[in-house]
Amino acid sequence: MSFHKNEHFQVLKADKKSKARAGILKTWRGDILTPVFMPVGTCATVKALTMRDLTQSNAQIILANTYHLFIRPGHELIRQAGGLHKFMGWDRPILTDSGGFQVFSLSKMRKITDESVVFRSFKDGAKCEFTPEKVARIQEAFGSTIMMVLDECVKYPEVEKKAEIAVERTFKWAKRSYKEYEHIQQEHNGEFKNFMFGIVQGSVYKELRKRSAEQITSIPFHGYAIGGLSVGEPNELMYDVLDYTTDYMPLEKPRYLMGVGEVNDIIEGIARGVDMFDCVLPTRLGRHGALMTPYEKILIKNAAYRTDFTPIMPNCSCYTCKNFTRAYLHHLFRAEEILSSMLNSIHNVHFLVRLAELCRMALINGNFNEFYNDYKKGELNKYAF
RNA sequence: GGAGAGAUUCCCAAGUGGUCAAAGGGAACGGACUGUAAAUCCGUCGUCUUCGGGCUUCGAAGGUUCGAAUCCUUCUCUCUCCA
């Protein structure tokens with residue numbers, strides 16, 4: 001296996017009392033300042049948001065999904081379009097998930113072997129087969145700034161034996177993925193600029209997490225993700241797993257906690273050394289009428305907001321909070337107006353992006369501990385979102 | 001004036017002798033959502049309850065029946081058509 005020099009990621013500042021750090025991930029599409037929250041745009045759209053909304057929310061990078069885009073419109077069409085960036089009109093970095101999460105979420109309609117995973121298409125039920133190599137090639141066609149390896153994400157709870165099988169399979173697949181990455185690199189005469197991240201599995205078993213982390217980090221990916229969390233386990237358990245898992249991951253590479261996006265999970269994750277987060281929560285909750293704030297969700301459809309002429313958060317500078325009241329958002333939701341999804345999602349995405357940004361600022365200024373304590377004391381609302 | 005049709009729990013609307021506190025939909029009230037098969041899904045929705053059940057409802061009043069939202073009588077109101 002060949003190596004690239006680790007110039008693409010730097011830790012700029014590390015907290016003394018926790019494992020939190022602020023860093024910079026340099027991609028050819030632009031720098032990503034970490035900790036970072038990445039909104040999810042599975043089908044090449046962050047639902048209900050325009051690229052302008054995302055830019056205004058300071059989203060530095062967004063996600064898309066290999067499985068969904070493979071099914072529709074197909075990676076060849078996206079290649080034809082000039083790549084995913086051009087296709088969707090987004091020029092900042094894009095991270096594409098591999099379809100590994102669909103191994104978990106579509107478990108009722110898939111068959112997994114060491115060789116590959118076969119899914120039934122959500123669109124028409126047709127069979128589609130994913131191998132680590134194929135998934136890498138699809139993401140190459142997209143031109144994903146960060147491509148993820150195909151992994152096996154197990155459900156929670158899962159017995160240790162099955163979790164172990166998934167760990168071993170994930171490792172085998174990771175090696176095949178990296179090999180394919182090297183092939184792609186050779187085909188581009190070493191000029192291929194997009195990154196590939198590996199994924200650590202192991203469910204909630206310490207020994208498995210350790211083994212998986214050691215296995216995956218033995219491969220020189222540009223970054224390492226922690227997968228298989230936030231799949232239904234209790235929060236404290238997730239923090240425990242996270243705590244010991246990051247201990248087995250190198251300091252000098254970015255760490256990405258996949259699928260996590262509750263306020264407390266992001267802050268606790270950062271404290272445990274996580275640099276990157278992604279989650280569908282802000283957009284899904286937005287569409288479902290739940291507005292995120294530091295300590296509670298505002299269910300905007302509730303009667304209490306019918307005549308509440310205040311913004312969601314007075315200390316939030318998002319377009320929604322600056323211009324509209326809860327009463328108006330309540331009305332839009334009740335009337336099932338499209339603008340409801342849009343304005344709610346704008347707030348939620350802005351809020352989480354900003355939350356990660358506040359953590360980063362605290363880290364850079366050397367007062368993350370104070371920020372963390374404020375969070376614990378219920379005083380996060382004194383910060384400007 | 002004549003001939004029909006109809007009135008069901010907030011709204012629409014099933015139900016034509018017991019299995020009916022009464023289908024279904026909407027509204028209302030509450031909840032869930034973590035690498036998106038999600039603009040989705042789930043509760044509650046007459047009333048009281050020691051959760052066993054009790055009590056009051058199907059325009060109104062009487063009646064038939066062991067038993068009525070359902071059958072009969074009268075009344076009230078609404079709608080359609082013809083003069």
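All values reported here derive from a predicted model rather than from experimental measurement. Chain A is the first sequence line, chain B the second, and so forth, proteins listed ahead of strands; every chain is numbered from 1.
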* A39(B) pairs with which nucleotide, Watson-Crick or G-U wobble, both distances below 3.5 Å? -> none

* If every non-hydrogen atom of R137(A) is compared with every non-hydrogen atom of E180(A), which pair is closest and at what distance? -> NE-OE2, 2.7 Å

* Asked: Among G35(B), C33(B), A37(B), which is the nearest nucleotide to the side chain of F122(A)?
  -> A37(B)

* Take S212(A) and Q201(A) through the side chain to side chain donor-acceptor pair (under 3.5 Å) test and state the conclusion after the steps. => CA-CA 6 Å; S212(A) 185; Q201(A) 287 290 340; over 6 Å; no

* Which residue, D97(A) or L299(A), contacts RNA chain B at a nucleotide closer to its 5' end, judged by nearest heavy atom? -> L299(A)

* Asked: Do the side-chain N or O atoms of R284(A) get closer than 4.0 angstrom to the phosphate oxygens (OP1, OP2) of U34(B)?
  -> yes

* **Separation of the C1' atoms in A69(B) and U16(B), to the nearest angstrom** => 9 Å

* So which nucleotide from U34(B), U36(B), G30(B) ends up closest to the side chain of Q102(A)? -> U36(B)

* **Below 4.0 Å: OP1/OP2 of A28(B) and any side-chain N or O of R306(A)** => no

* **C1' spacing across the pair A68(B) / A32(B), given as an integer number of angstrom** => 43 Å

* Between C41(B) and C77(B), how far apart are the C1' atoms? Round to whole Å, please. => 44 Å

* Asked: Which whole number of Å gives the distance between the P atom of A83(B) and that of G18(B)?
  -> 43 Å

* Are S341(A) and A39(B) close enough that a side-chain N or O sits under 4.0 Å from OP1 or OP2? -> no

* Is R211(A) salt-bridged to E168(A), cutoff N-O under 4.0 Å? -> yes

* **Closest nucleotide among A38(B), U34(B), G31(B) to the K301(A) side chain** => G31(B)

* Asked: Does G30(B) adopt a syn or an anti glycosidic conformation, taking syn as a chi angle within 90° of 0?
  -> anti

* For the base of G35(B), is there a side-chain donor-acceptor partner from N65(A) under 3.5 Å away? -> no

* Taking atom types as modelled and ignoring hydrogens, do the side chains of D124(A) and S121(A) form a donor-acceptor contact shorter than 3.5 angstrom? -> yes

* To do: With P as the reference atom in both, quote the distance from U70(B) to G15(B) in angstrom, rounded to an integer.
  => 15 Å

* To do: Determine: side-chain N/O of R120(A) to OP1/OP2 of A37(B), distance under 4.0 Å, yes or no.
  => no

* A303(A) has a side chain; which of U34(B), C29(B), G35(B) sits nearest to it? -> C29(B)

* Which nucleotide sits closest to the side chain of D265(A): G35(B), C33(B), U34(B)? -> U34(B)

* To do: Determine whether any donor atom in the side chain of T283(A) lies under 3.5 Å from an acceptor atom in the base of U36(B), or the reverse, and answer yes or no.
  => yes

* How far, in whole Å, is C11(B) from G43(B) if one measures between their P atoms? -> 25 Å

* To do: Could you work out which one of G31(B), U34(B), U36(B) sits closest to the side chain of N302(A)?
  => G31(B)

* Asked: Has H288(A) got its ring stacked on U40(B), by the test of a centre gap below 5.5 Å and a plane angle below 30°?
  -> yes

* **Separation between the P atoms of A21(B) and U74(B), rounded to whole Å** => 30 Å

* Which part of the nucleic acid, if any, lies within contact of E233(A), taking any heavy atom under 4.0 Å across all strands shown: a base, the sugar-phosphate backbone alone, or nothing? -> nothing

* Taking only the side-chain nitrogens and oxygens of S340(A), find out if one of them lies under 4.0 Å from OP1 or OP2 of A39(B). => no

* To do: Please state the P separation for the pair U65(B) and C51(B) - nearest whole angstrom.
  => 40 Å

* Taking for each residue the nucleotide of RNA chain B with the nearest heavy atom, is it V231(A) or R287(A) whose nucleotide lies nearer the 5' end? -> V231(A)

* If only side-chain N and O atoms of N235(A) are considered, is one of them under 4.0 Å from the OP1 or OP2 phosphate oxygen of U34(B)? -> no

